[in-house]
S.K.: 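Here it is, the structure in full.
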Amino acid sequence: MSELNAAITAVGSYLPDYVLTNKELETMVDTNDEWITTRTGIKQRHILKGEGKGTSFMAIKAAEDLIAKSGLNPEEIDMVIVASATPDMPVAATATYVASEIGAVNAFSYDLQAACSSFLYGMSTAAAYIQSGRYKKVLLIGADKMSSIIDYTDRTTCIIFGDGAGAVLFEPNEEGLGLQDEYLRSDGVGREFLKIEAGGSIMPASEETVKNKKHYVFQDGKNVFKYAVSNMADVSARIMERNDLTKDDVQWLVPHQANKRIIDATARRMGVDDDKVMINIHKYGNTTSATLPLLLADYEKQLKKGDNLIFAAFGGGFTWGSIYLKWAYNA
Ligand code: UT7
């Protein structure tokens, strides 16, 4: 790793007002609160309602929250990355619109997509730009309007996902704080297990694809679970090992929130106690790219300068990995 560190120096978040509870889902599909709670840990999720509102709406709100809290001058932002699996449109980057709307007039911007690992990979990308020495302020936003790609008649997927957005600012740090190490992986074997089949270059949109519901998320949950549970635990244990971290050295596990059982398995493998594991799946469900920054926003007040955080994620593709980061400020 380079001498110049990249630290997170501010956090912001946004959740849409509408709350979709397990109870309401019981009226929509053949499911029940008990099944959802015991199998996933989810009690409710937020849904973005309103004509014409896309992922950028939430990304802008999260960025504005960060700007208001930190006093950041948007004109000083060098770069805006929007990590998302649900961009506003297939072409015309969401990040570009977001940057203009928040007044980041001196920034360049683009989107980054790696399903549920989008934000984790985005952390690596943002940190690398800072460590290169070329940029001083990189705004990384994780935002997803999952409700736009979910079939609310399919009980295997509609109970899981929610909408939301979170933002972090990366800046140089000369005290040794910030991103310390990363271990990122991918394997194309996952493409068949978690996908949206149509709307891309292989199967462009047509009357048939719409009729056959090919524009919605398909997930072979059992197989994804199998890969997720072992791989997320593996990378988290490995990053601890290669940085000589014992369970007592880790203050927080910041895990992707796809299923409480996957989170528990990762924590057990690391030997980390439950009170060190950040959890928001019960409130938000799986918010894909927004999950990790929403955790940081929820736990920000409890974080202390110098805390060792282990981030871990697993997502479609497959994509997965772990990042070791030293927290850089007291809230
Ligand atoms: O974030 C990106 C990566 N994604 C993940 O990591 C998700 C990984 N997968 C999972 O979290 C889990 O596989 C799910 C939560 C999606 C499903 O849980 P599961 O324990 O793997 O359930 P299953 O698919 O094995 O289904 C068990 C039973 C089946 O009934 P039978 O065949 O045993 O009679 C399903 O039909 O549960 C049934 N079922 C439901 N029942 C009530 C499936 N979905 C539901 C539901 N409500 N919503």
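Remember, it's 1-based here, ligands and their atoms both numbered in the order they're listed.
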S.K.: Starting from Tyr97 and following side-chain heavy-atom contacts under 4.5 Å between hydrophobic residues (I, L, V, M, F, W, Y), which residues can be reached?
M.R.: Ile60, Leu66, Ile67, Leu72, Ile77, Val80, Val82, Val98, Ile102, Leu139, Ile141, Leu169
S.K.: Please indicate, with yes or no, if any protein heavy atom is found under 4.0 Å from atom 33 (O) of ligand 1?
M.R.: no
S.K.: Give the contacting part of Phe225 toward ligand 1: side chain, backbone, both or neither, where contact means a heavy-atom distance below 4.0 Å.
M.R.: both
S.K.: Side chains of Thr21 and Gln44: do they bring a donor and an acceptor to under 3.5 Å?
M.R.: no
S.K.: Under 4.0 Å from a heavy atom of Cys116: give me the atoms of ligand 1 that qualify, with their elements.
M.R.: 1 (O), 2 (C)
S.K.: Nearest to atom 7 (C) of ligand 1, what protein heavy atom do you find, and at what distance?
M.R.: Gln219 OE1, 3.5 Å
S.K.: In plain terms, say whether Arg268 and Asp264 are close enough for a salt bridge, that is, a side-chain N and a carboxylate O under 4.0 Å apart.
M.R.: no
S.K.: Anything under 30° is parallel, anything over 60° is perpendicular, the rest tilted; go ahead and classify Phe108 against Tyr129.
M.R.: perpendicular
S.K.: What is the nearest protein non-hydrogen atom to atom 30 (O) of ligand 1, stated with its residue, atom name and distance?
M.R.: Arg155 NH2, 4.6 Å
S.K.: Which atoms from ligand 1 have a heavy atom of His256 less than 4.0 Å away?
M.R.: 1 (O)
S.K.: Could you give the distance from CD (Gln113) to OG1 (Thr86), rounded to the nearest 0.5 Å?
M.R.: 9.0 Å
S.K.: Short list, please: which atoms of ligand 1 are under 4.0 Å from a heavy atom of Lys222?
M.R.: 13 (O), 23 (P), 25 (O)
S.K.: Relative to the ring of Phe314, is the ring of Trp320 parallel (under 30°), tilted (30 to 60°) or perpendicular (over 60°)?
M.R.: tilted
S.K.: Is there a polar contact, in the sense of an N or O pair closer than 3.5 Å, between Asn32 and ligand 1?
M.R.: no
S.K.: Under 4.0 Å from ligand 1, counting heavy atoms only, is it the side chain of Thr288, its backbone, both or neither?
M.R.: neither
S.K.: Which of these, Thr288, Asp144, Asp111, sits in a side chain to side chain donor-acceptor pair (under 3.5 Å) with Ser84?
M.R.: Asp144
S.K.: Any salt bridge linking Lys211 with Glu208? Criterion: basic side-chain nitrogen under 4.0 Å from a carboxylate oxygen.
M.R.: yes
S.K.: Do me a favour and list the nearest non-hydrogen protein atom to atom 3 (C) of ligand 1 with residue, atom name and distance?
M.R.: Val224 CG1, 3.6 Å
S.K.: Checking a contact table here: which protein heavy atom is nearest atom 17 (C) of ligand 1, and how many Å away?
M.R.: Trp35 CH2, 3.9 Å
S.K.: With distance as the sole criterion, is a donor-acceptor pair present between the side chains of Thr291 and Gln257 under 3.5 Å?
M.R.: no
S.K.: Examine Asn286 against ligand 1 and note whether any of their N/O atoms are separated by less than 3.5 Å.
M.R.: yes
S.K.: Heavy-atom distance under 4.5 Å between the side chains of Leu194 and Phe218, does that happen here?
M.R.: no
S.K.: Any non-hydrogen side-chain atom of Leu245 less than 4.5 Å from a side-chain atom of Asn308?
M.R.: yes
S.K.: Looking at Ile262, which atoms of ligand 1 are within less than 4.0 Å of one of its heavy atoms?
M.R.: 6 (O)
S.K.: Of the protein's non-hydrogen atoms, which lies at the shortest distance from atom 9 (N) of ligand 1, and what is that distance?
M.R.: Gly221 O, 3.1 Å
S.K.: Among all protein heavy atoms in this structure, tell me which lies nearest to atom 18 (O) of ligand 1, with the distance rounded to 0.1 Å.
M.R.: Arg261 NH2, 3.7 Å
S.K.: Give the contacting part of Ile159 toward ligand 1: side chain, backbone, both or neither, where contact means a heavy-atom distance below 4.0 Å.
M.R.: side chain
S.K.: Looking only at heavy atoms of Ile160, does any of them come nearer than 4.0 Å to an atom of ligand 1?
M.R.: yes
S.K.: Can you list the ligand 1 atoms lying under 4.0 Å from a non-hydrogen atom of Thr40?
M.R.: 15 (C)
S.K.: Atom 11 (O) of ligand 1: which protein heavy atom is closest, and how many Å away?
M.R.: Asn259 ND2, 2.7 Å
S.K.: Can you report which non-hydrogen protein atom sits closest to atom 20 (O) of ligand 1, along with the distance?
M.R.: Arg39 NH1, 2.6 Å
S.K.: Heavy atoms, side chains only, cut-off 4.5 Å: are Gln219 and Thr156 in contact?
M.R.: no
S.K.: Counting each atom of ligand 1 from 1 as listed, which ones have a heavy atom of Ala258 under 4.0 Å away?
M.R.: 1 (O), 5 (C), 6 (O)
S.K.: Under 4.0 Å from ligand 1, counting heavy atoms only, is it the side chain of Ile36, its backbone, both or neither?
M.R.: neither
S.K.: In plain terms, say whether Arg242 and Asp181 are close enough for a salt bridge, that is, a side-chain N and a carboxylate O under 4.0 Å apart.
M.R.: yes
